[in-house]
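Okay, structure first, notes after.
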Amino acid sequence: MQKKLESQINELLKNEGFKKNIRLDHVIKSLHGKAEFAFIVNPLAERSDDPFLVAKSLSQKIMDAIPLVQNAFPSETKKGKHTLVFINLKINPEELKKYRAGNIVNTLKDVLSENFGQSSKNMGKIVIVEHTSANPIAPIHVGNLRNTIHGDTFARILKATGYEVRRHFYINDVGLQIGFTVIGYEFLKKEKLYPDVKFDHWIGKVYAIMNSFYSIQTIKQNARKKDIPVSKSRYTLTATDLKKIDAYYTDKINEIKKEVENLKKEKNTKATKQKISKLNRQINKLKEESKEAEKYVATVNSLKIRFPELFDILKKNVKKIDLIAKTSEYLEKYEKGNDKSINSLFRELTDWTISAFKWTLKRYNVDFDAFDYESDITWNGSPKKIVDKLAKLENTLSLHDGTYRFTYPKQLINKMYQELKLDKKSIPIKGDIPDLQLTRSDGTALYPTKDIAYSLYKFHQFNPEKVYNVISDEQTLPQFQLLLPLYLLGEKHAAKNLIHYRYGLVELLGRKMSGRQAIYITADEYYDETKIRARMAKKAAFKQFEDETWEEEEKLLTAVTLASTRFPLIDTDPNKKIVLDLDRELDFKRNPGPFILYAHARAAGILRKAVPRRSIDEIDWKILAENKETIDIIDLLATFEQRLMDAVNDMNPSKIASWCYELAQKFMKFYEQNPILSAEEQTKEALLWVVTALKKGIATGLSILGIPAVDRL
RNA sequence: GAGCUUGUAGUUCAGUGGAAGAAUGUCGGUCUGCGGAACCGAUGGUCGGGGGUUCAAAUCCCCCCAAGCUCGCCA
């Protein structure tokens, strides 16, 4: 009807000699009851005309010419120095009733049909979502959890639009961090000191301690290279060491600052500007470096106090070896994959951690189709092949130290943009892109190179239309740097369809998280704490149902826990960083997740008492055509498909989260305004159908958010 | 220093060229009802600032300000 009316008005406008078309909109709140639709008149008025006069005469003409319109009247709003003029249209009540009744029937049937929430639009196409991919050296914490929930929810959304979705977890089991953690693990095994908590929580402590040793050794080594006379021991920084290091950096920074001052006095050319920029960058880097030493001294002290037993044993053992040397020895062996005992040591640690992850993820209702080991990618030789191919390219430099450096010349980048028809807005980096180092001087591949190999593995193995990498916005640059190498390797489909699904980091209100210091709230703690609070809230409200079994109570508490934990991580724009206020999230009144569950339970409560007997077609839907709350619910239910598509195109699952929340709110109002069970028979039947559809709508929405709907709460 | 992201009600956020919105907070109401974890009302805004494009800008462009992130033989 909106469309019909729109075209009728546009027809009229054409006949009246107007050049532009209009688009109908819903009328603003304050005019509810007086009109249903509105459109803006300003664009129709020529510069010299008064839009209000145009609107006045046009209103009359619309009323005369279009029988559907009962009344048409102009209204105006001041906005700054301008005045916006609208024509508001009141539809003939009988026509409107018919239209709305039809709308209700169609929407109800659609929602209640079997395939609601499962489109076949992308049938037969495959997409891959890679998410979580947390390093297997520390527990999953609430920071990782945003990645997990976004990835899992987005995968569910893609599935609802018909894609066959594969969910992959990339295990970074080769790399510095795991290298020294494995060494610590080996010490502890020899000393027969076994985990006294869940494995990933335990290994997180081991990692933090070993990392502090490794970092201090690195700091001291670097200091010696710079001829700073630091003390002999490998793993301790004395107060005098700190002073000497600090003095060195202060001198160095001052030197560069002087240089900058001198440059500033020179002519302000592009070259000098670039030099200044470079030097400033150096200053920043030096400042960061100079703080490192002090930071690690503090970290070591805190770790020693918090985990004394682990700390002492690890320290005792690490003193006997050169940790940096041993780490590279282990890593080299593991990368080659020939040493069986090394392989099994790395895999043992990794697999224990991953199985701990799986347990945690399962509680959050998250499953995967594949866990891909970085070591497998390395062992099959593909990173090396990629290096060989890229080395032949003109824009790849071969350096004296035996490393290869991939550069990003402007012409090549532009060529790629053009050929792949990349949308300029989707390009996250303007200007120069830093070079990418492909190998270490020992010839082994660096992480980005392996990422190229892994990307190709995903495309070649499964032939997906798209691959979404759910990775935080910190990694925008390295993710973007993947594309040109792929393009130049002739992998155009991959270069165009490898998509970085970006999201902002999570901060905790009043606390700092740091994996290196083993300071974080783990996903397990967050879940447990929420569930405990849910149990307490339930007890406080005397909400024990008489016939409730233990299993049912568990089911209810699980639903509340998932709603409370998953919802706040998904309900805002992924681009925005979020600050988790645990007190707020754990307060069920202020967290929208449980509110939605409650709405669903209320709907279920009504349907336990009564269900519609007559079919949808047997009811005269005009009786609800003027029921505002019903119309609101129906209109919202009808937008679901569109929201799904928006969520996919914008890579923004919060659109579904807010849809659920709005639906729950609208239902609460509906519930208060329309007594159902006591209503007259016809109305009661009609209202019950609305409740039935709404219940299904909420349940469908929630399942896409990975939250089970429950019938009681 | 350069680039990216963010900036809207006390707070948390919607709002991608057309009439400034919700939740929460605060204050005040509804209560023996289909489940009060609810509903209704009031309160609260130079949309970070300034310029430009447009009949029309929170929205597009430019400059500035603030916060965060990134710029490694780490991943």
Side-chain angles (χ1 to χ4, degrees), chain A residues 23 25 27-31 38-47 49 51 75-80 82-86 135 172 174-178 260 273-274 276-285 374 401-403 428-434 437-442 444 446-448 450-451 472-478 502 504-505 507 537-538 541 543 560 568 571-573 575-579 581 584 588-590 592 594-595 597-599 601-603 605-610 650 654-655 658 661-662 665 668-669 671-679 687 691 712-713:
Chain A
R23 223 187 60 239
D25 236 321
V27 82
I28 50 165
K29 235 183 182 174
S30 59
L31 290 174
F39 65 90
I40 186 148
V41 179
N42 298 60
L44 297 174
E46 299 292 324
R47 252 166 212 268
D49 292 341
S75 66
E76 59 180 351
T77 310
K78 287 234 153 98
K79 190 170 187 185
H82 307 287
T83 306
L84 301 179
V85 179
F86 291 81
N135 284 344
N172 301 110
V174 192
L176 219 55
Q177 301 184 322
I178 190 148
V260 172
K273 267 190 178 173
Q274 269 181 356
I276 292 176
S277 168
K278 247 189 184 168
L279 293 175
N280 276 327
R281 170 91 194 103
Q282 272 182 30
I283 292 177
N284 274 351
K285 244 176 130 179
E374 185 182 340
D401 55 9
T403 63
I429 311 218
K430 272 190 227 155
D432 299 336
I433 296 164
Q437 184 112 12
L438 298 172
T439 56
R440 298 192 180 91
S441 38
D442 63 6
T444 55
L446 282 159
Y447 168 84
K450 288 183 195 160
D451 222 11
S472 79
D473 59 10
E474 289 173 313
Q475 294 201 43
T476 302
L477 177 62
R502 240 182 297 176
L505 290 176
E507 282 175 22
K538 188 160 177 278
K543 284 280 181 159
V560 172
D571 74 344
T572 47
D573 185 329
N575 272 329
K576 288 185 175 157
K577 73 161 195 201
I578 54 175
V579 180
D581 178 350
R584 191 176 65 218
F588 301 114
K589 275 189 190 171
R590 290 196 283 180
F595 178 85
L597 279 183
Y598 180 64
R602 263 191 159 175
I606 295 170
L607 295 173
R608 264 198 301 277
K609 300 235 158 97
D650 301 350
S654 77
K655 310 238 166 187
S658 52
Y661 188 35
E662 284 165 37
Q665 286 183 48
M668 288 299 188
K669 285 181 188 167
Y671 178 94
E672 296 289 333
Q673 302 296 323
N674 300 280
I676 297 168
L677 297 185
S678 58
L687 290 171
V691 175
R712 303 200 289 195
L713 207 60

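Letters go in sequence order (proteins before strands), and every chain restarts at 1. Keep in mind that the numbers below use all heavy atoms, side chains included, and drop hydrogens, waters and symmetry copies.
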Please tabulate the protein-to-nucleotide N/O contacts below 3.5 Å involving nucleotides 64-68 of chain B, giving atom names and distances.
none

**Distance-only donor-acceptor test, A:Ser30 side-chain atoms vs B:A19 base atoms, 3.5 Å** = no
Identify each atom pair where a protein N or O and an N or O of nucleotides 14-16 of chain B are less than 3.5 Å apart, giving names and distance.
{"from": "B:A14", "atom 1": "OP1", "to": "A:Asp573", "atom 2": "N", "distance (Å)": "2.9"}
{"from": "B:A14", "atom 1": "OP2", "to": "A:Lys576", "atom 2": "NZ", "distance (Å)": "2.3"}

**Message:** If you define the side chain from C-beta out and look only at heavy atoms, does anything of A:Val174 sit under 4.5 Å from A:Lys450?
**Reply:** yes
**Prompt:** Planes under 30° and centres closer than 5.5 Å, is that true for A:Phe86 with the base of B:A19?
**Reply:** yes
**Item:** Rounded distance in Å - CD1 (A:Ile28) to P (B:A20)
**Value:** 8 Å
**Prompt:** Can you list the residues that meet the side chain to side chain donor-acceptor pair (under 3.5 Å) rule with A:Glu507, with sequence neighbours excluded?
**Reply:** A:Lys577
**Message:** I'd like the P distance from B:C47 over to B:U11, given in whole Å.
**Reply:** 15 Å
**Message:** Nearest to the side chain of A:Thr77, heavy atoms from C-beta on, is which of B:C74, B:A20, B:G18?
**Reply:** B:A20
**Prompt:** How does RNA chain B look in dot-bracket form if you count Watson-Crick and G-U pairs under 3.5 Å, write [ ] for pairs that cross, and put | where a base pairs with another strand?
**Reply:** ((((((((.[[[[.)..(..]]]]((((((.......))))))....[[[[[..)....]]]]])))))))....
**Request:** Quick one: label A:Asn172 by what it contacts on the DNA or RNA (base, sugar-phosphate, nothing), any heavy atom closer than 4.0 Å.
**Result:** sugar-phosphate
**Request:** Name the nucleic acid region contacted by A:Pro428, choosing base, sugar-phosphate or nothing; use a 4.0 angstrom heavy-atom cut-off, strictly under.
**Result:** sugar-phosphate
**Message:** Closest approach to the side chain of A:Arg590, judged atom by atom: which nucleotide of B:G18, B:G3, B:U24 is it?
**Reply:** B:U24
**Prompt:** For atom P, what is the distance between B:U43 and B:A37, given to the nearest Å?
**Reply:** 28 Å
**Prompt:** In whole angstrom, what separates A:Gln177's CD from B:A75's C1'?
**Reply:** 6 Å
**Asked** Does A:Tyr661 have any ring-ring contact (aromatic ring centres under 6.0 Å, His included) partners at least two apart in sequence or in another chain, and if so, which?
**Response** A:Phe595
**Request:** Compare the minimum distances between each of B:A37, B:A19, B:C69 and the side chain of A:Phe588, then state the nucleotide with the smallest one.
**Result:** B:A37
**Message:** Need to verify one output field. Residue with the more 5' nearest nucleotide on RNA chain B, A:Arg23 or A:Val560?
**Reply:** A:Arg23
**Prompt:** Expressed as a whole number of Å, how far does the P atom of B:U46 sit from that of B:G10?
**Reply:** 7 Å
**Between C1' of B:C73 and NZ of A:Lys450, the distance in whole Å** = 12 Å
**Item:** Proximity to the side chain of A:Pro478 - top-ranked nucleotide from B:A23, B:A75, B:A19
**Value:** B:A75
**Message:** Can you give me the closest heavy-atom contact between A:Gln475 and A:Tyr447, atom names plus distance?
**Reply:** OE1-OH, 4.1 Å
**Request:** Sticking with atom C1', work out how far B:G7 lies from B:G50, rounded to a whole angstrom.
**Result:** 16 Å
**Prompt:** Tell me: CG of A:Leu713 to P of B:G36, nearest whole Å?
**Reply:** 13 Å
**Given B:A22, B:C69, B:A75, the nucleotide with the shortest approach to the side chain of A:Gln665** = B:A22
**Item:** Atom-pair distance (CD1 on A:Ile578; P on B:U12), nearest Å
**Value:** 13 Å
**Request:** Starting from C1' on B:U30, measure out to CE on A:Met668 and report it in whole angstrom.
**Result:** 16 Å
Check the interface with nucleotides 43-52 of chain B: list each N/O to N/O pair with the protein under 3.5 Å, or write none.
none

**Item:** Side chain of A:Tyr598 - closest among B:G36, B:A75, B:G3
**Value:** B:G36
**Message:** By nearest atom, which of the nucleotides B:C39, B:C71, B:G36 is closest to the A:Arg281 side chain?
**Reply:** B:C71
**Message:** By nearest heavy atom, map A:Gln437 and A:Lys609 onto RNA chain B; which one lands nearer the 5' end?
**Reply:** A:Lys609
**Request:** Have a look at A:Val85 and tell me which of A:Val41, A:Leu44, A:Ile40, A:Thr77 forms a side-chain contact (heavy atoms from CB on, under 4.5 Å) with it.
**Result:** A:Val41
**Asked** At what distance, to the nearest 0.5 angstrom, does CG of A:Leu677 lie from CG of A:Leu687?
**Response** 10.0 Å
**Request:** Look at all strands and tell whether A:Ser75 reaches a base, only sugar-phosphate, or nothing, counting heavy atoms closer than 4.0 Å.
**Result:** base
**Message:** Without decimals, in angstroms, what is the distance between A:Leu44 CG and B:G18 P?
**Reply:** 16 Å
**Message:** Is it the case that over 12 heavy atoms from other parts of the model lie below 6.0 angstrom from the CG atom of A:Asp432?
**Reply:** no
**Message:** Please report the distance separating the C1' of B:U24 from the corresponding atom of B:A42, rounded so that it comes out in whole Å.
**Reply:** 16 Å
**Asked** Counting only side-chain N and O atoms of A:Lys29, is one of them less than 4.0 Å from OP1 or OP2 of B:A22?
**Response** yes
**Request:** Starting from C1' on B:U70, measure out to CD1 on A:Ile433 and report it in whole angstrom.
**Result:** 13 Å
**Request:** Would you mind classifying the nucleic acid contact of A:Phe39 as base, sugar-phosphate or nothing, using non-hydrogen atoms under 4.0 angstrom?
**Result:** nothing
**Asked** Is A:Ile178 close to A:Asn172 at the side-chain level, that is, under 4.5 Å between some pair of heavy atoms?
**Response** no
**Message:** Applying a 4.0 Å non-hydrogen cut-off, can you work out what A:Lys278 is touching in the nucleic acid: base, sugar-phosphate, or nothing?
**Reply:** nothing
**Message:** Would the base of B:C73 count as contacting A:Ser441 through its side chain, where contact means a donor and an acceptor less than 3.5 Å apart?
**Reply:** yes
**Request:** For A:Ala610, answer base if it contacts any base atom (sugar-phosphate contacts may also be present), sugar-phosphate if it contacts only those atoms, and nothing otherwise; contact means non-hydrogen atoms under 4.0 Å.
**Result:** nothing
**Prompt:** Taking the side chain of A:Leu446 as its heavy atoms from C-beta onward, which of B:G72, B:C73, B:U12 lies nearest to it?
**Reply:** B:C73
**Request:** Could you work out the separation of B:U12 and B:G25 based on their P atoms and round it to a whole Å?
**Result:** 15 Å
**Asked** Mind checking the P distance from B:U32 to B:C27? Whole angstroms is fine.
**Response** 25 Å
**Message:** Can you identify which nucleotide, out of B:A23, B:C4, B:G1, has its nearest atom closest to the A:Asn284 side chain?
**Reply:** B:G1
**Prompt:** In this structure, are over 12 heavy atoms from other groups packed under 6.0 Å from A:Arg608 atom CZ?
**Reply:** yes
**Asked** Given the C1' atoms of B:C73 and B:C69, what is the spacing between them in whole Å?
**Response** 23 Å
